[in-house]
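For reference, positions follow the sequence shown, starting with 1.
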Amino acid sequence: QVQLVESGGGLVQAGGSLRLSCAASGRTFSTYNMGWFRQAPGKAREFVAAINWSGGRTYYADSVKGRFTISRDNAKNMVYLQMNSLKPEDLAVYYCAGTPSATPFSIATAWDTKKYYYWGQGTQVTVSS
């Protein structure tokens, strides 16, 4: 079992940057594929980015490609989301999620919330215009 705790959210002006962190408990973290999702007010939760267990494969939603970067440090049980050039439409609660590496993981599956077993409580990101 993996427990996830996000941090790093806050208020930032449009064009600014934030770095979200996700701390994972458990000795098997390095065997999990990880994702970041977000949920804006009144909208469904949506895929932002994902990274496989080794960090060798990453996937991004078109809306954040070129602005956000997902990374992980398995030695520290951490996953990060570097967010640059933030826009008002990036305002949302951001969630970290994990799925065992045995679960099929590709561009066709990484976006699917149903593929992820474990979720954090979320961290709020607010972007002012």
Side-chain angles (χ1 to χ4, degrees):
Q1 183 128 2
V2 175
Q3 292 184 321
L4 305 172
V5 179
E6 303 94 336
S7 62
L11 173 64
V12 64
Q13 286 189 327
S17 298
L18 280 175
R19 187 196 197 201
L20 304 184
S21 298
C22 174
S25 66
R27 292 175 294 177
T28 59
F29 171 74
S30 62
T31 66
Y32 280 74
N33 300 319
M34 301 297 295
W36 284 98
F37 291 76
R38 66 187 181 186
Q39 188 164 16
K43 295 188 176 181
R45 193 168 297 189
E46 65 174 10
F47 170 72
V48 175
I51 188 167
N52 79 323
W53 63 273
S54 69
R57 281 184 288 145
T58 57
Y59 306 109
Y60 296 93
D62 287 344
S63 59
V64 307
K65 205 171 290 184
R67 300 188 297 123
F68 291 10
T69 302
I70 188 172
S71 61
R72 68 188 296 161
D73 185 337
N74 286 344
K76 296 182 179 179
N77 279 18
M78 297 291 293
V79 178
Y80 305 100
L81 185 68
Q82 178 66 45
M83 305 187 295
N84 298 330
S85 302
L86 282 160
K87 304 176 181 180
E89 52 262 44
D90 294 319
L91 182 153
V93 178
Y94 284 70
Y95 297 90
C96 176
T99 183
S101 59
T103 304
F105 188 76
S106 69
I107 188 60
T109 61
W111 60 270
D112 189 349
T113 59
K114 297 189 295 295
K115 301 295 186 184
Y116 291 81
Y117 288 32
Y118 305 108
W119 292 83
Q121 83 291 346
T123 185
Q124 176 72 49
V125 171
T126 301
V127 185
S128 63
S129 56

Pairs involving residues 42-54, ordered by first then second residue, that meet salt bridge (Lys or Arg N to Asp or Glu O under 4.0 Å) (sequence neighbours left out): R38-E46
K65 to Y60 - nearest heavy-atom pair and separation: CE-O, 3.7 Å
Are Y95 and L18 connected, step by step, through hydrophobic side chains (Ile, Leu, Val, Met, Phe, Trp, Tyr) whose heavy atoms are closer than 4.5 Å? no
Got a second to check how far C22's SG is from R72's CZ, nearest 0.5 Å? 9.5 Å
In short, N33 meets Y116 closest at the heavy-atom pair O-CE2, 4.4 Å
Can any side-chain N or O of S101 pair as donor or acceptor with the backbone N or O of W53 at less than 3.5 Å? no
Spell out, yes or no, whether W111 and Y117 are grouped together once hydrophobic residues are joined by side-chain heavy atoms under 4.5 Å, including indirect joins. no
Begin with the C-alpha distance, continue with both residues' side-chain angles, and end with the deciding distance and a verdict on side chain to side chain contact (heavy atoms under 4.5 Å, CB included) for W119 and T113. CA-CA 10 Å; W119 292 83; T113 59; 4.0 Å; yes
Same cluster for V12 and L20 if Ile/Leu/Val/Met/Phe/Trp/Tyr side chains link at under 4.5 Å? yes
Working to the nearest 0.5 angstrom, can you tell me the gap between M78 CE and S71 OG? 9.5 Å
In this structure, NZ of K115 is separated from OG1 of T99 (nearest 0.5 Å) by 8.5 Å
Can you confirm if the aromatic rings of F105 and Y59 lie within a centre distance of less than 6.0 Å? yes
Of all the heavy-atom pairs spanning S21 and W36, show the shortest one and how long it is. O-CH2, 3.7 Å
Contact summary for L4 and G98, nearest pair of heavy atoms: CD1-N, 3.8 Å
Show the nearest heavy-atom pair for residues V79 and F29, with the distance to one decimal. CG2-CZ, 3.4 Å
So, for Y32 and P100, which heavy atoms are closest and what is the spacing to 0.1 Å? CD2-N, 3.6 Å
Contacts under 3.5 angstrom, residues 122-129 side chains, donor-acceptor by atom type, not counting sequence neighbours:
residue, atom, partner, partner atom, Å
T123, OG1, G9, N, 3.2
Q124, NE2, A92, O, 3.4

What distance separates L81 CG from M34 CE, expressed to the nearest 0.5 Å? 11.5 Å
N77 side chain to G26 main-chain N or O, any donor-acceptor pair under 3.5 Å? yes
Kindly say whether C96 contributes a backbone atom to a donor-acceptor pair with the side chain of E6 at under 3.5 angstrom? yes
Parallel, tilted or perpendicular: ring planes of Y94 versus F68, cut at 30 and 60 degrees: tilted
Criterion side-chain contact (heavy atoms from CB on, under 4.5 Å) against T58, the qualifying member of N52, T69, I70: I70
Stepwise side chain to side chain contact (heavy atoms under 4.5 Å, CB included) check, N84 with Q82: CA-CA 7 Å; N84 298 330; Q82 178 66 45; 2.9 Å; yes
Partners meeting salt bridge (Lys or Arg N to Asp or Glu O under 4.0 Å) with R67 (sequence neighbours left out): D90
